[in-house]
Amino acid sequence: MDRKKRHVTYMTGAGSSLGSYGMDDGSKKKKKKSALSERLRMLIALAALAAIILVAVIYALSGSGRDSIGRITRIGATLSQNVMPFGDSVIFYDGTTLHCVAATGGNEWSYQIGTNADYDATEQRIVAWSGNDLYILNNRGRLIYNNKMSDTIQFASAGDEYVAVFVGEADNGVVSVINSSGQIVDNITIANQTLLDIGFFMSTTSSSAQETELMWILGLDTTGTVISTELQTFQPGKLSTGKSSLGEHIAYMIYDTNGTLNVVTTRQIMHYSYRVLEQATATLIYGYTVEDVRTTNGVTYQLLIPAQEQNEGIRLNNVRLMYGSVDRVLHLPSECLAAKLGTRSVYGFASNAVYVCRFGETTFTAYALPINITAVLGMITDNRAVVASGSEIYVIELPV
């Protein structure tokens, strides 16, 4: 019962004093002082509780110890300069020169490739082109190959050991395959289809138990009454190893897992051997698109985001994570503009915070960012993200 609302009636006789009932002036003062002391203790306790809650909120937003946001480094590049993650570094093209910058901001190497150029890179190779001029560099920026191709280069794709270069028209050209010594080992004619993309993957073959680098070519067959997507595979220097029609659903991503080619369409992920023979039942992903793929300790993690209209921009409230037999939807604490995979965690990026959910867990931890990010360009090693804040580029060390 509240002290202020309690009413006690004392029965006193005529001429009796309060002192005779234990209620003299001194006792009343002591009771009043006790009430004030108890109220003060209550206020102190409430203040302490508020302080604990405040510390918990700050900890949730910014992390502590080794799990806090690490170093944030501004890279001397802008968003318009074709910035690409590159191993533990960042590559960008400034209009005439290709630059490789360390995650800590220092310049590692530069190579001039001329104006109106483009490039592609893996951790081992960089291929750049301008007009019909082709440049192949190793990961230290040293030139391996430079030549003028027979026609305008449409695009090129880098592997670890090989580079593929497509010259000519989109539906009438040649794919030249060049090895790490700068020798052309294949010239593959493209006819009766529109070339969409080229890539490389690792797989064992019937002739070798050791993994070797193979190549895939994705094209659109326009000769029939119904347009269909075609996938072909090649062993460089030994030509075709397989070919198959994928149907009328256009593929937008191909990645390999332990020698299996995973072909992603708007409806499903199809799984093929290096001979383009179906390995397993297709995985349905309708309503989602594959955003990122990473293999860690032999396990391939696939991050999917809800399919969205291009003109809406990215607004993520949940993501889908698939690995092994696990297929799980993870709900983000607030709306995000991007999501990526690290070596042990899923990352959701809001404009002023990053959310982290470790593999195997279902909840995110929030960490405040000291900059406002407007785009996420990718991940580099050691769980660092390459991001844009307006036109400026930064590398952020993320908690794991």
Asks: Cluster question for you: counting only ILVMFWY and a side-chain heavy-atom cut-off of under 4.5 Å, with indirect links fine, are L218 and M215 together?
Replies: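 No; tracing contacts between hydrophobic side chains, which count when under 4.5 Å, never links both residues.
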Asks: For S206, is there any backbone N or O sitting under 3.5 Å from a side-chain donor or acceptor partner on Y274?
Replies: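 Side chain of Y274 to backbone of S206: a pair is present.
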Asks: How close do I113 and A128 get, counting heavy atoms only, and between which atoms?
Replies: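 Of all heavy-atom pairs spanning I113 and A128, the closest is CD1-CB, 3.8 Å.
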Asks: Do the ring centers of Y119 and Y93 come within less than 6.0 Å of each other?
Replies: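 Centroid distance Y119-Y93: not below 6.0 Å, so no.
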Asks: Is it possible for you to say whether V346 and L304 belong to one hydrophobic cluster, with membership spreading through side-chain heavy-atom contacts below 4.5 Å?
Replies: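 No, separate clusters.
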Asks: Are M84 and V90 linked, directly or through intermediate hydrophobic residues, by side-chain heavy-atom contacts shorter than 4.5 Å (ILVMFWY only)?
Replies: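 V90 does not cluster with M84.
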Asks: So which atom in H271 and which in T281 form the shortest heavy-atom distance, rounded to 0.1 Å?
Replies: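 Reported closest heavy-atom pair: CD2-O, 3.4 Å.
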Asks: Is there a side-chain contact between S180 and I144, using heavy atoms and a 4.5 Å cut-off?
Replies: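 Contact flag for S180/I144 side chains = no.
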Asks: Would you call the rings of F155 and F166 parallel, tilted or perpendicular, where under 30° means parallel and over 60° means perpendicular?
Replies: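 Plane angle between 30° and 60°, so tilted.
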Asks: Assigning hydrophobic clusters by single linkage (Ile, Leu, Val, Met, Phe, Trp, Tyr; side-chain heavy-atom cutoff under 4.5 Å), is L330 placed with I314?
Replies: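 Looking at the clustering, I314 is in the same group as L330.
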Asks: Can R267 be said to sit on top of Y286's aromatic six-ring, NZ or CZ under 6.0 Å from centre and within 45° of the ring axis?
Replies: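 Cation-pi check for R267 and Y286: passes.
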Asks: Does a side-chain N-to-carboxylate-O contact under 4.0 Å join K340 and E291?
Replies: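 Salt bridge flag = yes for E291 with K340.
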Asks: Give the minimum heavy-atom separation between S203 and G259, together with the two atoms involved.
Replies: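 For S203 and G259, the tightest heavy-atom pair comes out as OG-O, 3.7 Å.
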Asks: What pair of heavy atoms forms the shortest contact from L261 to W216, and how long is it?
Replies: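 Reported closest heavy-atom pair: CD2-CD1, 3.9 Å.
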Asks: Name the orientation class of the two ring planes belonging to F200 and Y162 (parallel below 30°, tilted from 30 to 60°, perpendicular beyond 60°).
Replies: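 If you compare the ring of F200 with that of Y162, the planes turn out parallel.
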